[in-house]
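First the structure, in the form of structure tokens, and then the observations on it.
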There are 2 protein chains.
Amino acid sequence: MESDVSANSRLTIAAHALTWIGLYQRRGHEVATSEQIATSVNTNPVVIRRLLGELRKAGLADSRRGAGAGWILARDLAAITLLDIYQAIEPGPVFALHRATPNPECVVGHGIGPAMTAVYDGVEVALRGELAKTTLKDVLRDILQAA
Amino acid sequence: MESDVSANSRLTIAAHALTWIGLYQRRGHEVATSEQIATSVNTNPVVIRRLLGELRKAGLADSRRGAGAGWILARDLAAITLLDIYQAIEPGPVFALHRATPNPECVVGHGIGPAMTAVYDGVEVALRGELAKTTLKDVLRDILQAA
DNA sequence: TGTCATTGTAACGACTACTGTTACGACTGG
DNA sequence: CCAGTCGTAACAGTAGTCGTTACAATGACA
């Protein structure tokens, strides 16, 4: 169970699932089932299907239905960055402004929004730049090298 | 009310509170009450006291009790970066690994943890670097310039 | 010494997000 | 037709944040 302090593991799970599909395909298989992926991730198949559904909308994965169905990559592992996955599954920014509008008659309340927005934009750019550096091919390479 | 998709507004509120105290002190006042700060932030005084309590533990603010009590800065605005605040109030990293340990008998399940950790470490460094660029003096300057 | 404004903190309900699970309809290869 | 898998709804459990009420503790000041 736990160990974390409350952060998002969705990016980890999504990268795990796609990398698993990629390795499975590289070994000659056609499709991977959510059941198989869930066994590797150690979770429920529905969790995998939900997540891969979002990745399909983003054009990173695809699925077949009916008998002998399952999941395939929509792109090569080398053409999928962690940024692609992040954008597919993370709806909003890391930091947010106030929930309730601060007092506009106060100088600070009036100007803090734009000031923080500028900083947060820079943070997002830096974060995305870091995630864009790594492709799933890189991730798989690291995994196989460590084995 | 809202508008956000579920992100942390704690850094925004904390920066708002400290900046407000700094401007208030610059205008000649001794201490700022949580009531006054809450009016500018548009929230409840207890929310401010809770947050400033964490900032006090980190050595960024200080408080006086009793009658005529309130809050003061423990450092000059120029000596407080957004990274200082972030570290004082954000308990964990942005991204987390799996909640449940993935299947260690699977190559991917075994190696994905270290591989993603390396990436996440880079993300944290980039994020912290961005936040360290801005001091509350910068924030206040932007606020006053825009007014 | 007494008053009283303010902090410190516990407690609670409301809201949101993610996770795990069950259930079942939709689809399709054989 | 049938069996296997996806697609998705529904629900409970966990966790974090926020707003709110309540009240004890503190300490400046009259």
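In what follows, chains are A, B, ... by sequence order, proteins preceding strands, each numbered from 1.
Here D:dC6 presents its P atom at 16 Å from CD of A:Glu54, a figure rounded to the nearest Å. Counting to the nearest Å, the C1' atom of C:dG8 and the CD atom of B:Glu35 are 16 Å from each other. Summarising the geometry, the separation between CD1 on A:Ile37 and C1' on D:dT5 is reported as 12 Å, rounded to the nearest angstrom. As rounded to whole Å, 8 Å separates atom P of C:dT19 from atom CG of A:Leu51. Between the P atom of C:dG8 and the NZ atom of B:Lys57 lies a distance of 11 Å, rounded to the nearest Å. Going from atom CG of A:Asn8 over to atom P of D:dT14 covers 20 Å, rounded to whole Å. A:Arg10 places its CZ atom 14 Å from the C1' atom of C:dT16, with the value rounded to the nearest Å. Rounding to whole angstrom units, CD1 of residue A:Ile72 and P of D:dC6 are separated by 12 Å.
Side-chain contact between A:Asn42 and B:His98 is absent, with no heavy-atom pair separated by less than 4.5 Å. For the pair A:Val108/B:His16, a side-chain contact is recorded, criterion being any heavy-atom separation below 4.5 Å from C-beta on.
The residue B:Gly70 sits close only to the backbone: its heavy atoms come under 4.0 Å of sugar-phosphate atoms, none of a base.
In this structure, the nucleotide among C:dA5, D:dC6, C:dT19 sitting nearest to the side chain of A:Trp71 is D:dC6. Checking C:dT22, C:dT6, C:dA10 against the side-chain heavy atoms of B:Ala69 singles out C:dT6 as nearest. For A:Val47, the listed nucleotide lying nearest its side chain is C:dT19; candidates were C:dT7, C:dT19, D:dT5.
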Just list the side-chain donor-acceptor pairs under 3.5 Å for residues 67-90 of chain A, sequence neighbours left out, or say none.
| from | atom 1 | to | atom 2 | distance (Å) |
| --- | --- | --- | --- | --- |
| A:Arg75 | NH1 | A:Ala79 | O | 2.9 |
| A:Arg75 | NH1 | A:Asp84 | OD2 | 3.4 |
| A:Asp76 | OD2 | A:Ala78 | N | 3.0 |
| A:Thr81 | OG1 | A:Leu83 | N | 3.3 |
| A:Thr81 | OG1 | A:Asp84 | N | 3.1 |
| A:Thr81 | OG1 | A:Asp84 | OD2 | 3.2 |
| A:Asp84 | OD2 | A:Thr81 | N | 2.9 |
| A:Gln87 | OE1 | A:Arg128 | NH1 | 2.4 |
| A:Glu90 | OE1 | A:Asn8 | ND2 | 2.9 |
| A:Glu90 | OE2 | A:Asn8 | ND2 | 3.0 |

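In this structure, B:Ser9 contributes its side chain and B:Thr12 its backbone to no donor-acceptor pair below 3.5 Å.
Using bins of under 30°, 30° to 60° and over 60° for the plane-to-plane angle, the ring pair A:His29/A:Tyr24 lands in the parallel bin.
Contact annotation: B:Ser34 side-chain N/O to C:dT7 OP1/OP2 distance is under 4.0 Å. Between A:Arg50 and D:dA9, a side-chain N or O to OP1/OP2 separation shorter than 4.0 Å is absent. Proximity of A:Ser63 to the phosphate of D:dG7: a side-chain N or O atom is located under 4.0 Å from OP1 or OP2.
For A:Arg65 and D:dC6, a side-chain-to-base donor-acceptor distance below 3.5 Å is present, hydrogens and geometry of angles not being considered. Evaluation of atom-type donor-acceptor distances gives no pair under 3.5 Å for the side chain of A:Arg99 against the base of D:dT17.
Comparing A:Thr43 and A:Arg49 by the nucleotide of DNA chain C whose heavy atom lies nearest to each, the residue mapping closer to the 5' end is A:Thr43. Closest-nucleotide positions on DNA chain D for B:Asn44 and B:Ile89 were compared, and the one nearer the 5' end corresponds to B:Ile89.
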